[in-house]
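So the structure is just underneath, and the comments pick up after that.
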Amino acid sequence: MSTGGVAYDDKASAIERQDMAGIVLATDGSEYAEKAGAQAIELAADRDVPLHVLCVVDRREFDETALSSGELACIQAEDRGHECVATVADEAEATGLDVTTTVCHGIPEDDIVEYADEIEADTIVIGQHGDHTVHLGGVGRRIEDNSTRETMVVSS
């Protein structure tokens, strides 16, 4: 990713596997993200398109510092990201959807838009508020402002 994100799953092969555009769900495991997940699953099923579940570990909060307590926090954030995408993927696969999961490091609003552009997604779905200890503010709003794609910001 040009924003400095580091993908932990093979996004390139995910793009090759998808013949049609799909829905990108940005998740962090928060209550709002869970509600957004349910809507994204329903939307993908209604449109009969793949669901791409993405978690961006915010490098502003979890930088990849070597040999420090920050490194442990970063590893825990990555693990949490994998848990978040796996939970949604399990729910989506149970409905018969084709699902791709990706966890990466970067700036959420930038990497979410970039990912959606790379896979030529129809729609980006995100919860109104995220799960973070430091308020980094309005990711959904910035995605709406910076993306040409349909964006659904799900409130509670």
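Keep in mind that what you see is a predicted model, and the values were worked out from it rather than measured.
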Q) Say you draw a straight line from CD1 of Ile143 to OG1 of Thr151; how long is it, rounded to the nearest 0.5 Å? A)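 Rounded to the nearest 0.5 Å, the CD1-OG1 separation comes to 7.0 Å.
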Q: Mind checking the SG-CG spacing from Cys104 to Leu54? Nearest 0.5 Å is all I need.
A: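 Cys104 SG to Leu54 CG: 5.0 Å, rounded to 0.5 Å.
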Of all the heavy-atom pairs spanning [X] and [Y], show the shortest one and how long it is.
| X | Y | answer |
| --- | --- | --- |
| Leu51 | Ala40 | CD1-CB, 3.9 Å |
| Ala21 | Pro50 | O-CD, 3.5 Å |
| Val153 | Gln128 | CG1-CA, 3.6 Å |
| Leu97 | Ile41 | CD1-O, 3.6 Å |
| Ala36 | Val125 | O-CG1, 3.5 Å |
| Gly81 | Cys55 | CA-SG, 3.5 Å |

Q | Sole candidate of Ile23, Thr102, Thr27 that passes side-chain contact (heavy atoms from CB on, under 4.5 Å) when paired with Val53 | A |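 Testing each of Ile23, Thr102, Thr27 against Val53, the sole residue satisfying side-chain contact (heavy atoms from CB on, under 4.5 Å) is Thr27.
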Q: Measure the shortest side-chain to side-chain distance between Met152 and Leu43 over non-hydrogen atoms and say whether it is less than 4.5 angstrom.
A: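 Yes, at least one pair of side-chain atoms sits under 4.5 Å.
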Q | Min side-chain heavy-atom separation Leu25-His52 under 4.5 Å | A |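 No, too far: nothing below the 4.5 Å cut-off.
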Q: Salt-bridge test for Arg47 and Glu150: reply yes if a basic N is under 4.0 Å from a carboxylate O, no otherwise.
A: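 Result for this pair is yes, salt bridge flagged.
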Q: Run the salt-bridge test on Arg142 and Asp110 with the 4.0 Å N-O cut-off and return the result as yes or no.
A: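 Answer for the salt bridge query: no.
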Q: Please step through side-chain contact (heavy atoms from CB on, under 4.5 Å) for the pair Ile126 and Val154, ending with a clear verdict.
A: CA-CA 6 Å; Ile126 186 169; Val154 180; over 6 Å; no
Backbone of [Y] reached by a side-chain donor or acceptor of [X] within 3.5 Å:
| X | Y | result |
| --- | --- | --- |
| Arg149 | Val113 | no |
| Thr95 | Ala92 | yes |
| Thr87 | Glu83 | yes |

Q: Kindly indicate, with the supporting measurements, whether the criterion side-chain contact (heavy atoms from CB on, under 4.5 Å) is fulfilled by Thr123 and Val24.
A: CA-CA 6 Å; Thr123 306; Val24 172; over 6 Å; no
